[in-house]
Q: 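Would you mind keeping the following structure in view while I ask a few things?
Count residues from 1 along the sequence. All values below come from the heavy atoms of this structure, side chains included, with hydrogens, waters and symmetry mates left out.
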Amino acid sequence: QVQLVESGGGLVQAGGSLRLSCVVSGTIVSLNAMGWYRQAPGKQRELVALITIGGSRNYVDSEKGRFTISRDNAKNTVYLQMTSLKPEDTAVYYCRLSNTGYWGQGTQVTVSS
């Protein structure tokens, strides 16, 4: 059974940083593309960052230079390092096993101004 469990969210002031973690069980992260998504209140869920099986990283333009997706194969975990956070980054952040219906439960990130 595949499970994804996110953690690391919280309340942070604008300009601060957070690192989100997504621990995966039931499959091997290095054999899957993995994505981080977010959903702000009243908005659709959107892709933030993607890491491919080969380790290539892709970001939405607005997050380039501020967010970094990475993977620790030994821990079967995917991370999202977020820096220079802005109030508009406030959302629930989810990880997903790409191209599948497997999602984590989400972790709330709130950035105060």
Side-chain angles (χ1 to χ4, degrees):
Q1 181 179 0
V2 175
Q3 288 188 320
L4 289 73
V5 179
E6 301 100 333
S7 63
L11 174 64
V12 63
Q13 289 188 333
S17 300
L18 283 173
R19 189 179 78 158
L20 306 182
S21 300
C22 175
V23 179
V24 180
S25 59
T27 188
I28 300 173
V29 294
S30 61
L31 299 182
N32 294 273
M34 297 289 299
W36 280 99
Y37 294 73
R38 67 185 178 190
Q39 187 166 18
K43 295 187 177 181
Q44 290 189 334
R45 194 171 297 188
E46 61 177 359
L47 176 66
V48 174
L50 180 73
I51 185 165
T52 67
I53 295 173
S56 297
R57 305 168 187 182
N58 300 287
Y59 305 92
V60 294
D61 287 343
S62 59
E63 312 312 339
K64 285 181 179 178
R66 297 195 303 123
F67 290 6
T68 303
I69 188 170
S70 63
R71 183 175 67 204
D72 186 328
N73 296 338
K75 295 183 178 180
N76 221 37
T77 300
V78 178
Y79 301 98
L80 184 67
Q81 178 70 49
M82 305 186 293
T83 62
S84 302
L85 283 163
K86 307 172 183 178
E88 50 264 44
D89 294 319
T90 295
V92 179
Y93 284 72
Y94 301 88
C95 62
R96 179 193 181 197
L97 197 63
S98 293
N99 301 316
T100 75
Y102 293 110
W103 294 82
Q105 82 289 352
T107 185
Q108 176 70 48
V109 171
T110 303
V111 184
S112 63
S113 57

Q: Output the distance between atom CD (Gln108) and atom CD (Glu6), rounded to the nearest 0.5 Å.
A: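 So the gap between those two atoms works out to 12.0 Å.
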Q: Is it possible for you to say whether Trp36 and Val2 belong to one hydrophobic cluster, with membership spreading through side-chain heavy-atom contacts below 4.5 Å?
A: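 Trp36 clusters together with Val2.
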Q: Any heavy-atom pair between the side chains of Gln81 and Ser17 that's under 4.5 Å?
A: yes
Q: What's the separation between atom SG in Cys22 and atom CG in Leu80, rounded to the nearest 0.5 Å?
A: 10.5 Å
Q: Measuring only between side-chain heavy atoms, which start at C-beta, is Tyr94 closer than 4.5 Å to Gln105?
A: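 Counting from C-beta outward, Tyr94 and Gln105 never come under 4.5 Å.
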Q: So which atom in Asn73 and which in Ser30 form the shortest heavy-atom distance, rounded to 0.1 Å?
A: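 Residues Asn73 and Ser30, closest heavy atoms: OD1-CB, 3.4 Å.
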Q: Quick check: do Val111 and Gln13 have side-chain heavy atoms less than 4.5 Å from each other?
A: no
Q: Do Ser7 and Thr107 have side chains that get closer than 4.5 Å, going by heavy atoms?
A: no
Q: Check the pair Arg38, Tyr93 against side-chain hydrogen bond (donor to acceptor under 3.5 Å, both in side chains), reporting the backbone distance first and the verdict last.
A: CA-CA 4 Å; Arg38 67 185 178 190; Tyr93 284 72; 3.0 Å; yes
Q: Flag the pair Leu4 / Val23 as yes when at least one side-chain heavy-atom distance between them is below 4.5 Å, and no otherwise.
A: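 When only atoms from C-beta onward are counted, Val23 and Leu4 do not touch, as no gap falls below 4.5 Å.
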Q: Given side chain to side chain contact (heavy atoms under 4.5 Å, CB included), test Val29 with Lys75 step by step and report yes or no.
A: CA-CA 9 Å; Val29 294; Lys75 295 183 178 180; over 6 Å; no
Q: Is there side-chain contact between Leu50 and Tyr59, with at least one heavy-atom pair below 4.5 Å?
A: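 No, side chains not in contact.
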Q: So Leu85 and Leu18, do their side chains get closer than 4.5 Å, heavy atoms only?
A: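 Leu18 vs Leu85: side chains touch.
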Q: Within 45° of the axis and under 6.0 Å from the centre of the six-membered ring of Tyr102, does NZ or CZ of Arg96 qualify?
A: no
Q: State whether a side-chain donor-acceptor pair under 3.5 Å links Asn32 with Thr27.
A: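 Indeed, the side chains of Asn32 and Thr27 share at least one donor-acceptor pair under 3.5 Å.
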Q: I would like to know whether Val78 and Leu20 meet side chain to side chain contact (heavy atoms under 4.5 Å, CB included); could you show each step before the answer?
A: CA-CA 8 Å; Val78 178; Leu20 306 182; over 6 Å; no
Q: Checking Arg45 against Tyr37: charged group under 6.0 Å from the ring centre and within 45 degrees of the axis?
A: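 Ring-cation test returns no.
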Q: Which atom names give the shortest non-hydrogen contact between Pro87 and Ser113, and what distance separates them?
A: CG-CB, 3.8 Å
Q: Within the 4.5 Å heavy-atom criterion, are Met34 and Arg71 side-chain neighbours or not?
A: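 A side-chain contact under 4.5 Å is absent here.
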Q: Show your reasoning for whether side chain to side chain contact (heavy atoms under 4.5 Å, CB included) applies to Ile69 and Tyr79.
A: CA-CA 6 Å; Ile69 188 170; Tyr79 301 98; over 6 Å; no
Q: Is the side chain of Ser84 donor-acceptor paired with the backbone N or O of Gly15 at a distance under 3.5 Å, no angle test?
A: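 No, the answer is negative, given that no donor and acceptor are paired below the 3.5 Å cut-off.
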Q: Which heavy atom of Thr90 sits nearest to which heavy atom of Ala40, and what is that distance?
A: O-CB, 3.6 Å
Q: Applying side chain to side chain contact (heavy atoms under 4.5 Å, CB included) between Thr110 and each of Val92, Leu11, Asp89, report the one that passes.
A: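 Among Val92, Leu11, Asp89, the one meeting side chain to side chain contact (heavy atoms under 4.5 Å, CB included) with Thr110 is Leu11.
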